[in-house]
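Note: hydrogens, waters and symmetry copies are ignored here, and every other heavy atom, side chains too, is used. In what follows, residues are counted from 1 in the order of the sequence shown.
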Amino acid sequence: PIGVGSQIAKALIAFHKTKPFAEEKAENSFFKKGNKSSTYTSLEDAITVCRKAVDFDLTFTQNINFENGEYFVSTVIMHSSGETITDRTPIKCKDYNDPHKFFGGVSYARRYSILSSFSIPTADNDALSALGWDLPIEEQIKNAVTVADLEDLWKRLKPSDEAIKELFKKRKGELNG
């Protein structure tokens, strides 16, 4: 457990104040809605976001471990003080003897282990409803509580429609008002 005076806790808090976010830019052609592929955060993008924690004296390592007949990815977040946080994520795949399937499972486990360990949000398609992101854009704009929330929504949606841009402008005025 992390203690109240912990240096790693203070560093993580400072890092989280930067509101790190892992964008879903990689396409998964196996999951389509109509002719549009679903998107996800690639391992490379997840690592890039988490490496920004180095500005707060945090770094990490990930290793593959085998214990009691099961493979794991172990993610260790390290602070320059020597404090660490460790997470283990099981590696799941249909055929552990097939290197392509196994390392696909490794990549998946590494991606979600590192994002989870650093508590980095993504626009996880499985959680869109829980986040309210499946609401119509107009509702999402109306539900923004702060200007920062509204700006984050703008960055995520990148609106091109003039009517939607006008709704953003109106809501920003209300929040600043």
In terms of ring plane angle, is the pair F102 and Y71 parallel, tilted or perpendicular, where the classes change at 30° and 60°?
-> perpendicular
D152 vs F21, side chain to side chain contact (heavy atoms under 4.5 Å, CB included): CA-CA, chis, key distance, verdict | CA-CA 10 Å; D152 288 345; F21 183 82; over 6 Å; no
Qualifying salt bridge (Lys or Arg N to Asp or Glu O under 4.0 Å) pairs with a residue from residues 159-171, counting only residues at least two apart or across chains = E162-K165, R171-E174
Is a side-chain donor or acceptor of S116 paired with a backbone partner of S113 at a separation under 3.5 angstrom?
-> no
Audit row: V49, T41, side chain to side chain contact (heavy atoms under 4.5 Å, CB included) steps and yes/no | CA-CA 10 Å; V49 169; T41 301; over 6 Å; no
Name every donor-acceptor pair, under 3.5 Å, that has one atom in a side chain of residues 62-69 and the other anywhere in the protein, sequence neighbours excluded.
residue: Q62; atom: OE1; partner: R110; partner atom: NE; Å: 3.0
residue: Q62; atom: OE1; partner: R110; partner atom: NH2; Å: 3.3
residue: Q62; atom: NE2; partner: T75; partner atom: OG1; Å: 2.9
residue: Q62; atom: NE2; partner: R110; partner atom: O; Å: 3.1
residue: N65; atom: OD1; partner: S74; partner atom: OG; Å: 2.4
residue: E67; atom: OE1; partner: R88; partner atom: NH1; Å: 3.1

Set of residues satisfying side chain to side chain donor-acceptor pair (under 3.5 Å) with respect to E70, sequence neighbours excluded = K92
Spell out, as yes or no, whether a donor-acceptor pair under 3.5 Å connects the side chain of S107 to the backbone of F103.
-> no
Just how far is it from atom CG of L167 to atom NZ of K142, taken to the nearest 0.5 Å?
-> 11.0 Å
Can V73 be reached from L43 by stepping across I, L, V, M, F, W or Y side chains whose heavy atoms are under 4.5 Å apart?
-> no
Heavy-atom check, side chain of I164 versus side chain of E138, under 4.5 Å = yes
Examine W154 and L175 and state if one hydrophobic cluster contains both, with Ile, Leu, Val, Met, Phe, Trp and Tyr joined whenever side-chain heavy atoms are less than 4.5 Å apart.
-> yes
Spacing of R111 atom CZ and I47 atom CD1 [to the nearest 0.5 Å] = 10.5 Å
If you measure from CG on L58 to OG1 on T84, what distance do you get to the nearest 0.5 Å?
-> 11.5 Å
What is the distance from atom CE of M78 to atom CD1 of I85, rounded to the nearest 0.5 Å?
-> 11.5 Å
Shortest non-hydrogen contact from A46 to I114?
-> CB-CG2, 4.0 Å
Test side chain to side chain contact (heavy atoms under 4.5 Å, CB included) on I120 and C50 and set out the steps.
-> CA-CA 8 Å; I120 305 291; C50 294; 4.0 Å; yes
To the nearest 0.5 Å, tell me how far F118 CZ sits from K52 NZ.
-> 12.5 Å
Got F60 and D87 here, is their nearest side-chain heavy-atom distance under 4.5 Å?
-> no
Is any side-chain heavy atom of I91 less than 4.5 Å from a side-chain heavy atom of Y108?
-> no
Which atom names give the shortest non-hydrogen contact between A109 and P90, and what distance separates them?
-> CB-O, 3.8 Å
Can you name the nearest heavy-atom pair linking P20 to P121, along with the distance?
-> O-CD, 3.3 Å
Is E83 reaching over with its side chain to a backbone N or O of I8, donor-acceptor style, under 3.5 angstrom?
-> yes
Enter the distance from I77:CD1 to T86:OG1 here, rounded to the nearest 0.5 Å.
-> 9.0 Å
Report yes if some heavy atom in the side chain of F168 is under 4.5 Å from a heavy atom in the side chain of L153; otherwise report no.
-> yes
Give the intermediate values and the outcome of side chain to side chain contact (heavy atoms under 4.5 Å, CB included) for residues I141 and L150.
-> CA-CA 7 Å; I141 295 169; L150 196 62; 4.0 Å; yes
